[in-house]
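Heavy atoms only: backbone and side chains are in, while hydrogens, waters and symmetry mates are out. The residues of the chain are indexed from 1 along the displayed sequence.
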Amino acid sequence: MASTSTSSISLQTNAQKPCLPSKSAPKLSHTNLSFPCSLPLSTKFVCVKSSSTAKYYNEVVVDEEMDRIRRLQNGSDVRGVALEGEKGRTVDLTPPAVEAIAESFGKWVINGLEKERGHPVENVGVSLGRDPRISGASLSVAVFSGLARAGCLVFDMGLATTPACFMSTILPPFAYDASIMMTASHLPYTRNGLKFFTKKGGLSSPDVEDICDKAARKYANRFTKVSILLNIPLSRVDFMSTYAKHLRDIIKERVNHPLHYETPLQGFQIIVNAGNGSGGFFTWDVLDKLGADTFGSLHLKPDGMFPNHIPNPEDKTAMAVTRAAVLENSADLGIVFDTDVDRSGVVDNKGNPVNGDKLIALISAIVLREHPGTTIVTDARTSMALTRFITNRGGHHCLYRVGYRNVIDKGVQLNKEGIETHLMMETSGHGALKENHFLDDGAYMVVKIIIEMVRMKLAGSDEGVGDIIKDLEEPAESIELRINVVSEPRYAKEKAIEAIEMFREYVEEGRLEGWELDSCGDCWVSEGCLVDSNDTTAAAVDAHMYRAKVSDEEHGQHGWVHIRQSIHNPNIAVNMQSSVPGCCQTMTRVLLDKFIIANGMDKSLDISQIEKYAKSGIVG
């Protein structure tokens, strides 16, 4: 194991005074835990007239508490509201809930290892990293408590990135059995969440569903909701230095600079915008040590209130201020990280933002030079122009379900089936490479771009990385609209699925003229991607979605409409693209008048945004 420092933490809550002797605590060989008993935090005293009434009341309370935990699942992650201050949302990611989920994950890891090895296991190590959100400190204590309850050794990485958490299960001398990253990515400071890893990679949606289900039962039936006196010998570790060195070594080895091997970025100015998230390390612990000039970098200091802008490579403000800094300093490259650095975007030396389809095209071009003819998996919101860009360079483009975990899992599946697939990337900036453990790592993607930038310079080119994608066509229009589901949270998913399946039926039956369910055509994989059946998907169906290609007599096929159930919020996301100006508004009117209103769905859906765009052509 790596060198560590050990200390104890204490978790206290506002639980009521101890009342009855607690049941025996689980035996843990490596922790010293004390769990005095208290009444549940949500205990209510009511007068009932019969035992049957009491039984009914208890069942309702238990069901509500279990649903509260289950609703925290967000695809392959856990996410919720951790702080007051969000209009219309109550705090649901509480320390007791987090403790129950962490304990359930710890036991899930231990059970998996015992099944895999065929014998009991000891000293199962789990690391925890977090982004700078202000709720992170208190929720971290709950994670430590839950993992200790499960019988795991606990290692605190402190401020970290999501990719680093996974790499802590791989890189020696750490190589933990599992890891948790506490983050809510680009969401507001009031939110927080958990991402889970083992040595095999990120957990799937069914895995997280199983963990949350067990946590819900544990939470609802636990007499004491959370430990009130907890002493854990906590090991603090500095993994980020090891991870940064790992990235530096990759750049040095692959550039192999003929004059200054140790400082291959000498002579390059690179601007980093960390958005006050976890990405500042890349500036001082990677770029500076490789000889780069990082003067002009932005928002490097971690601040969980994110005072400057949302840390998100899709955010217009984030890209605009980075562009301004690149131009002002005549820099060679600008980098934008999201909060936990599993996504990134760049700005080229001419100030052109490179994110979305452009970022996928840039990485695709680099990967196709290294692996000619490879398949590249993206989500189904990419443009028809991107498909042409990839195929013109000899690659294959596999369109798949929206959701970074879906896209990555599809690439893993294709490789297992013998179809060489080196890049899996979503328009949001999540990108994974076969060479990097199929891990979506924003820093690693930037490393690939930096290496290419240096190689171009060594070959005599001053054009910068933007020159690689100069022939990528852009759609005339691209929009995203949201339709809110008017329902209690527990029924919102069901109502969204009902609407989306009705959309599929309408298109299949030809009731929307010129609209046809999209597919990959003569697909070279074993199952069609956009039309994957639920029995053959690479990953479990975490959200229902369909894409329709749209044609008319005047323009032929000019665009597409993608409709999907959001896994983050109770709404339906509608994405559209067209190569003809004005046609996104036309498609919106068809969707509104001939589908939504024609079916009376405007009564159960809040369609204010889609109505506004249909009338004015303005998204708002």
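How far CG of Asp340 is from CE of Met181: 5.0 Å, rounded to the nearest 0.5 Å. With values rounded to the nearest 0.5 angstrom, Asp518 atom CG is found 9.5 Å from His562 atom NE2. Between atom CG of residue Leu194 and atom CG of residue Leu93 there is a gap of 6.5 Å, rounded to the nearest 0.5 Å. The OG1 atom of Thr263 lies 12.5 Å from the CG atom of Asp288; values are rounded to the nearest 0.5 Å. If you take SG on Cys398 and CD1 on Ile419, they are separated by 8.0 Å, rounding to the nearest 0.5 Å. Atom CD1 of Ile101 sits about 5.0 Å away from atom CG of Leu72, to the nearest 0.5 Å.
Residues Asp440 and His430 bring a donor and an acceptor atom of their side chains to less than 3.5 Å of each other. Inspection of the His397 and Thr378 side chains reveals an N or O donor paired with an N or O acceptor under 3.5 Å.
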**Study point:** side-chain contact (heavy atoms from CB on, under 4.5 Å) between Glu477 and Met576, worked out
**Key:** CA-CA 8 Å; Glu477 296 180 327; Met576 297 183 185; over 6 Å; no
Exercise for review: I would like to know whether Val143 and Met182 meet side-chain contact (heavy atoms from CB on, under 4.5 Å); could you show each step before the answer?
Suggested key: CA-CA 9 Å; Val143 171; Met182 183 176 293; 3.6 Å; yes
Exercise for review: Go through the steps to decide whether Glu435 and Lys448 satisfy the test salt bridge (Lys or Arg N to Asp or Glu O under 4.0 Å), and finish with yes or no.
Suggested key: CA-CA 11 Å; Glu435 70 189 49; Lys448 294 285 287 186; 3.2 Å; yes
Exercise for review: Would you please test Gln609 and Val619 for side-chain contact (heavy atoms from CB on, under 4.5 Å) and show each step?
Suggested key: CA-CA 7 Å; Gln609 190 181 53; Val619 178; 4.1 Å; yes
Exercise for review: Take Leu433 and Met445 through the side-chain contact (heavy atoms from CB on, under 4.5 Å) test and state the conclusion after the steps.
Suggested key: CA-CA 9 Å; Leu433 289 155; Met445 284 295 172; 3.7 Å; yes
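Side chain of Ser185 to main chain of Leu187: no donor-acceptor pair is present (N/O by atom type, distance under 3.5 Å, no hydrogens or angles). Side-chain atoms of Ser344 never come within 3.5 Å of backbone atoms of Ala443 as a donor-acceptor pair (strictly under, hydrogens ignored). No donor-acceptor pair under 3.5 Å is formed between the side chain of Lys252 and the backbone N or O of Leu290. A donor-acceptor pair under 3.5 Å links the side-chain atoms of Gln73 to the main chain of Ser205, judged by distance alone. Counting only distance, with no hydrogens or angles, the side chain of Arg401 and the backbone of Asn406 share no donor-acceptor pair below 3.5 Å. A donor-acceptor pair under 3.5 Å is absent between the side-chain atoms of Ser608 and the main chain of Asp606, judged by distance alone. With Asn415 contributing its side chain and Thr421 its backbone, the two residues share a donor-acceptor pair below 3.5 Å. Checked by atom type and distance alone, the side chain of Ser278 pairs as donor or acceptor with a backbone atom of Ala160 at under 3.5 Å. Looking at Arg455, its side chain does come within 3.5 Å of a backbone N or O of Arg254 through a donor-acceptor pair. A distance-only check finds a donor-acceptor pair linking the side chain of Asp338 to the backbone of Asp342 [under 3.5 Å].
Shown here for Asn276 and Pro307, the closest heavy-atom pair between the two residues is OD1-CD, 3.6 Å. Considering all non-hydrogen atoms of both residues, Leu83 and Val91 come closest at C-CG2, 3.5 Å. In terms of heavy atoms, Asn273 sits closest to Thr322 at ND2-OG1, 3.1 Å. Closest heavy-atom contact between Ala361 and Leu472: CB-CD2, 3.8 Å. Taking each heavy atom of Asn74 and Arg79 in turn, the nearest pair found is ND2-CD, 3.9 Å. Across all non-hydrogen atoms, the minimal contact from Thr317 to His309 is CG2-CB, 3.9 Å.
Applying the salt bridge (Lys or Arg N to Asp or Glu O under 4.0 Å) test to Asp131 and every residue at least two apart in sequence or in another chain returns Arg133. Residues satisfying the salt bridge (Lys or Arg N to Asp or Glu O under 4.0 Å) test with Glu452, not counting sequence neighbours, are Arg369. Under the side chain to side chain donor-acceptor pair (under 3.5 Å) criterion, Thr161 pairs with no residue at all, not counting sequence neighbours. For the ring-ring contact (aromatic ring centres under 6.0 Å, His included) test, residues two or more places apart in sequence or in another chain that qualify with Phe281 are Tyr243. Residues passing the side chain to side chain donor-acceptor pair (under 3.5 Å) test with Asp471, sequence neighbours excluded: Arg393. Here Thr283 pairs with nothing under the side chain to side chain donor-acceptor pair (under 3.5 Å) rule; sequence neighbours left out. Applying the salt bridge (Lys or Arg N to Asp or Glu O under 4.0 Å) rule to Lys358 yields the partners Glu474; only residues at least two apart in sequence or on another chain are considered. Residues passing the side chain to side chain donor-acceptor pair (under 3.5 Å) test with Ser461, sequence neighbours excluded: none.
The shortest side-chain heavy-atom distance between Asn308 and Leu298 does not fall under the 4.5 Å cut-off. Counting heavy atoms from C-beta outward, Phe389 and Ser383 have side chains that stay 4.5 Å or more apart. Residues Lys245 and Asp249 are in side-chain contact: their nearest non-hydrogen atoms beyond the backbone lie under 4.5 Å apart. The shortest distance between side-chain heavy atoms of Thr242 and Phe174 falls below 4.5 Å. In this structure, the side chains of Met425 and Val407 stay at 4.5 Å or more apart for every pair of heavy atoms. When side chains are defined from C-beta on, Ile451 counts as touching Ile250, because their heavy atoms get closer than 4.5 Å. Leu287 is listed as a side-chain neighbour of Ile450, based on a closest heavy-atom distance under 4.5 Å. Considering only heavy atoms from C-beta on, Thr162 comes within 4.5 Å of Phe197 through its side chain.
Within the structure, salt bridge (charged side-chain N to carboxylate O under 4.0 Å, His left out) contacts touching residues 374-383 (residues at least two apart or in different chains) are Asp379-Arg381, Arg381-Glu426. Legend: ring pair (Phe, Tyr, Trp, His ring centres under 6.0 Å) pairs involving residues 321-372, not counting sequence neighbours, sorted by first then second residue: Phe282-Phe337, His371-His422. Among pairs with a residue in residues 298-324, those fulfilling salt bridge (charged side-chain N to carboxylate O under 4.0 Å, His left out) read Glu314-Arg343, at least two apart in sequence or across chains.
Counting non-hydrogen atoms of other residues, nucleotides and ligands closer than 6.0 Å to NZ of Lys199 gives a total above 12.
Between Phe196 and Phe105, the two ring planes are tilted [angle within 30° to 60°].
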Solution key, residues 328-335 side-chain donor-acceptor pairs under 3.5 Å, sequence neighbours excluded:
residue: Asn329; atom: ND2; partner: Ala325; partner atom: O; Å: 2.8
residue: Asp332; atom: OD2; partner: Gln269; partner atom: N; Å: 2.8

